Every structure is written in C-alpha cells, then in structure tokens.
Amino acid sequence: MPLIVQKYGGSSLATSDHIRRVAGTIAATKREGHQVVVVVSAMRGETDRLIALAAELNSDTPARELDALLATGEQASAALMAMALASLGLRARSYAGLQLPLRTDANHTRARIIDLPTGVLRRDLDQNIIPVVAGFQGVNGNGDITTLGRGGSDTTAVALAAALQADVCEIYTDVDGVYTADPNICPSARHLSKVTYEEMLEMSGLGAKVLQIRSVELAQKYRVPLLVKSSYGSDKCTWIVEEAESMESAVVSGITLDRGVAKLSVIHVPDRPGIAYQILAPLAEAQINVDMVIQNASIEGYTDFTFTLSKEDLPKARPLLDQVAEEIGAREIRADDSIAKVSAIGIGVKNHPGVAARMFKALADENINIQMISTSEIRISCIIESKYGELAVRVLHDAFDLQQR
Ligand code: ADP
Ligand code: ASP
Ligand code: MG
C-alpha cells in the first residue's frame, strides 16, 4: 500500500474549522487506499506568540527553555488533529518529537536531526492507525527538547518520509506551489510545476520560506519525492526534482526576499593583518553565521568593517562585538536591522555577464540604494533598505521578464 507523508503548515491550521477541513483531506487520502503519516506545525501565529511572550519575561531567553516552550505549539496541533480525525471515525495517535524519539544534536533553536527511529510509526501503520507527529522538534542527548529552526516542520516531514521510505512527501501550505517570486508580494509571479533541488536550495537559502532549506537538503540526499501543494484545494502543485528541462534555459529563474537579515559595522578600526579574524572569531565561537562581508579601502591606516548576519543572532552578536571593539580600538559599533536581502537566482547567472548590470539598473531606476552586493555562480544578492524589499522583488521580476514564458 503506498505510503504518503503529509505535512500541514500553520496557515492550514489557523482555527478549529481549518483543522477539521484538513482532517477531511487526510480521511480522503485514507479512503483512496493510502497509508498516511501526518506532520503538523503549530497553529497560525502560535510560534510568534510564544516567542513574544518569552521576550516579555526575559530579553535574553535561555535557549533550552525557549525550545521547551515553542515545541508546545506543535504538540497542541498534533493532539487537536488526532481528535479531529477520531471524530471522523478514524484511528489516530499524536506524538511529540520525544515520543518517537526524533533525536537531534544539542544545538538549541536550530538543532539537526541525528536519528529517527520508525518503530512506533510502523506499529501504528500496521494497525491502521494514523500517526500525527508534532513537527519542528526533537530531543537531544540530555533528554532536553530541541527545535529545528523556523519552518522546521518541513524538515520533520522529509526526514520521516526518508526514514519510512515513503512514496511521496506532500507539503500542504497556503499557496499552490513554488512561484518565480513570493506570490503574496509579486502578483505577476509565475507558477512552476517543477523546480530542481539545486534551485530550491538557493531559493530557500535566500528567503523563500515555502520550504525550509534543511528539508530540501534532506530530500535531495535521500531522493525523497517532494511536492508542494495547497491545503485549500487546487489542481496545481510543484514537484521538487533532480532535473527540470524548462528551467535550464532561463538566465534568472526566481527572485527572493530575505527580511531576516541584519547588518553590523565596526567603524574606524586600525587596518592591520588579522583584524577580520579578531572581529569574526568570537562570533564563530558563539555559532553565529556571518554572510556578506565588506571591508572598506583604508584611509590613513583606518577602515570600516561591515557584515550581515541573521536578525535572530543580533542580540547575541552585539555584546560580543562591543567587547571586540574595545580590544582592537575601534571607534564604534553600528547595528542596522532595517535591511533586507533581495536576490536574483538562476543557472544562467554564471554565463551571462549582463545579469548584474540589469539588476543594478532596475534597482537604480526605482531609486533603491544598494548597500552591499554579493555574487555566486547562480545568484546575485543585494542588501537594501527593508522598506523597499517588496518593491525591489516586483521590479526585478519585471526586469528579468519572469512573468512571461
Ligand atoms: P506554512 O505555514 O504552510 O509552513 P510558510 O509561511 O512557511 O507556510 O510558507 C508559505 C509562504 O511562503 C507563502 O505564503 C508565501 O508567501 C511564501 N513564499 C515565499 N517565496 C515563495 C515562492 N517563491 N513561492 C511560493 N511561496 C513563497
Ligand atoms: N511553528 C514553527 C515556525 O513557525 C515551525 C513550522 O511552522 O514549520 O517556524
Ligand atoms: Mg513553513
């Protein structure tokens, strides 16, 4: 009997009516003769609500407690979904991550999955019971609850599909697939029926939150057939695949916006060998990833050093940098969290030198100032003021003619 892992995101679980409707979809899948394992996110807005609540009580939330708190959102959804399924006459059982147990490393708030035994789930499936797994969470070697980073239920679903060798992993969300840009900010975005793992990795890594990047990595590694579809019913969907012919010819195939970035500048530092190391080493030690880095040309032996990092890491990075500034004799540290990263992605970028110029012109025509630039073989990213983020996506989408084709 074919086995399907179905993951339902928070937007699909906003109210009890939503949960009831999703239960109906699961029931229909069962009736079609499939085995189903369900993965659920927290109800819409719940994770943000819990994070805000934690911040009210402690500006430096202990990561262990934050994980213990956030995991409850998914646990509530799982129990509610199992109840809704039971009310339809189906047998269902909810599981928190630690009941499987989904084992992770010790890295709170961004843990990685180490092991995922399937015994409990297989036993349920054999008895015609639908397991409903709370996404986004696991347990570390100390028995403490961990979470997998924002959007982590996608990763739970793909990991389960890989471990169970499911026939397909279906990600149900509030859009009917992957588009050339976020359809909620770019009305002319074009639906894609297929996207390659490579392109999806870039898009997810650069802000297209429709799939968490780790879920795409896992799907590629374990060759999990991965599908994005709407929980509101639609004929369309997107397959994430190894090769997609139609996209190969596209110079730029997608535009993304990442609002989760912040910028830190170390102003007026003595320009001498080892300075970049001295600034960045304490951050690396604290497991803080740095993305784009710029060092200005030095004037009279002094320079400015600027880099971007995840907005979430800013509260942790700032005090570390204040300490470094004192040690190396920098004048001041400036933090800016009102920036966004807009990127043009496509396999054609490496062979078409005009892409960068086209991107810069499109932004200049709208008077959008570019603060930082970074390029790779298959993308160009610009840091801009966050208030222009959505406009930038739309003008770049037009500039690269993505609505046609
Ligand atoms: P869920 O709650 O189901 O996990 P998410 O909010 O995490 O949903 O992801 C779905 C959202 O991803 C969409 O509502 C859309 O705004 C956003 N998104 C960003 N980029 C894209 C893209 N290129 N294609 C489709 N959706 C995108
Ligand atoms: N509830 C978590 C979040 O909002 C995980 C998820 O939705 O996948 O990030
Ligand atoms: Mg999500």
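Bear in mind the structure is a predicted one, so any value in this text is a computation, not a measurement. For this chain, numbers begin at 1 and follow the sequence in order. As the structure lists them, so they are numbered: ligands from 1, and atoms in each ligand from 1.
K209 O, 3.5 Å is the protein heavy atom nearest to atom 7 (O) of ligand 1. When hydrogens are left out, the protein atom nearest atom 7 (O) of ligand 2 is S41 OG, 3.1 Å; that is the closest non-hydrogen contact. The protein heavy atom nearest to atom 21 (C) of ligand 1 is D182 CA, 3.6 Å.
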Derivation of the side-chain hydrogen bond (donor to acceptor under 3.5 Å, both in side chains) call for S215 and D154: CA-CA 6 Å; S215 71; D154 299 334; 4.7 Å; no
Full working for side-chain hydrogen bond (donor to acceptor under 3.5 Å, both in side chains) between S298 and T303: CA-CA 4 Å; S298 69; T303 183; 5.9 Å; no
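Looking only at side-chain heavy atoms (C-beta outward), F305 and I328 stay at 4.5 Å or farther from each other. Contact annotation: the side chain of N142 never approaches that of R64 to less than 4.5 Å [non-hydrogen atoms, C-beta and beyond]. Looking at heavy atoms from C-beta onward, L102 lies in side-chain contact with I113 at the 4.5 angstrom threshold. With a 4.5 Å cut-off on side-chain heavy atoms, M359 and V252 do not count as touching.
When each atom of ligand 1 is checked for a heavy atom of Y179 under 4.0 Å away, the hits are 22 (C), 23 (N), 24 (N), 25 (C). Ligand 2 places these atoms under 4.0 Å from at least one heavy atom of G151: 3 (C), 5 (C), 6 (C), 8 (O), 9 (O). For ligand 1, the atoms lying closer than 4.0 Å to a non-hydrogen atom of G177 are 24 (N), 25 (C). The N184 neighbourhood of ligand 1 comprises atoms 13 (C), 14 (O), 15 (C), 16 (O), with distances under 4.0 Å to a heavy atom of that residue. Residue S11 approaches ligand 1 through these ligand atoms, each under 4.0 Å from one of its heavy atoms: 1 (P), 2 (O), 3 (O). For ligand 1, the atoms lying closer than 4.0 Å to a non-hydrogen atom of M203 are 23 (N). Of all the atoms in ligand 1, the ones that sit under 4.0 Å from a non-hydrogen atom of G9 are 1 (P), 2 (O), 3 (O), 4 (O). Counting the atoms of ligand 1 from 1 in the order shown, those under 4.0 Å from a heavy atom of A208 are 19 (C), 20 (N). Annotation for ligand 1: atoms under 4.0 Å from non-hydrogen atoms of K7 are 4 (O).
Using the six-membered ring where Trp is involved, Y172 and Y8 have ring planes that are parallel, under 30° apart on the 30 and 60° scheme.
Counting non-hydrogen atoms of other residues, nucleotides and ligands closer than 6.0 Å to CG of D235 gives a total of 12 or fewer. Heavy-atom neighbours of E326 CD from other residues, nucleotides or ligands within 6.0 Å: at or below the threshold of 12. Within 6.0 Å of OH on Y388 lie no more than 12 heavy atoms contributed by other residues, nucleotides or ligands. Within 6.0 Å of CZ in R123 there are more than 12 heavy atoms belonging to other residues, nucleotides or ligands.
A side-chain donor from one of R379 and S374 sits under 3.5 Å from a side-chain acceptor of the other.
For atom 11 (C) of ligand 1, the choice among D258, D174, T180 with the nearest heavy atom turns out to be D174. Of the candidates D154, I185, T173, the one placing a heavy atom closest to atom 3 (O) of ligand 1 is T173. Comparing heavy-atom distances from atom 4 (O) of ligand 2 across Q137, K209, M43, R150 singles out R150 as nearest.
Not a single heavy atom of G9 lies less than 4.0 angstrom from ligand 2. Not a single heavy atom of G151 sits less than 4.0 Å from an atom of ligand 1. Using a 4.0 Å heavy-atom cutoff, P183 is listed among the residues neighbouring ligand 1. Within the 4.0 Å heavy-atom shell around ligand 2 one finds E74.
Contacts between V175 and ligand 1 below 4.0 angstrom, taking non-hydrogen atoms only, involve the side chain exclusively.
Of the N or O atoms in F136, none lie within a sub-3.5 Å distance of an N or O in ligand 2. The N/O atoms of G10, backbone and side chain alike, include one that comes under 3.5 Å of an N/O atom in ligand 1. Looking at ligand 2, you won't find any N or O of D154 less than 3.5 Å from one of its N or O atoms.
The main-chain N or O of L211 is found under 3.5 Å from a side-chain atom of S204 such that the two form a donor-acceptor pair.
Distance check, rounded to the nearest 0.5 Å: CD1 of I345 to OG1 of T180 gives 11.0 Å.
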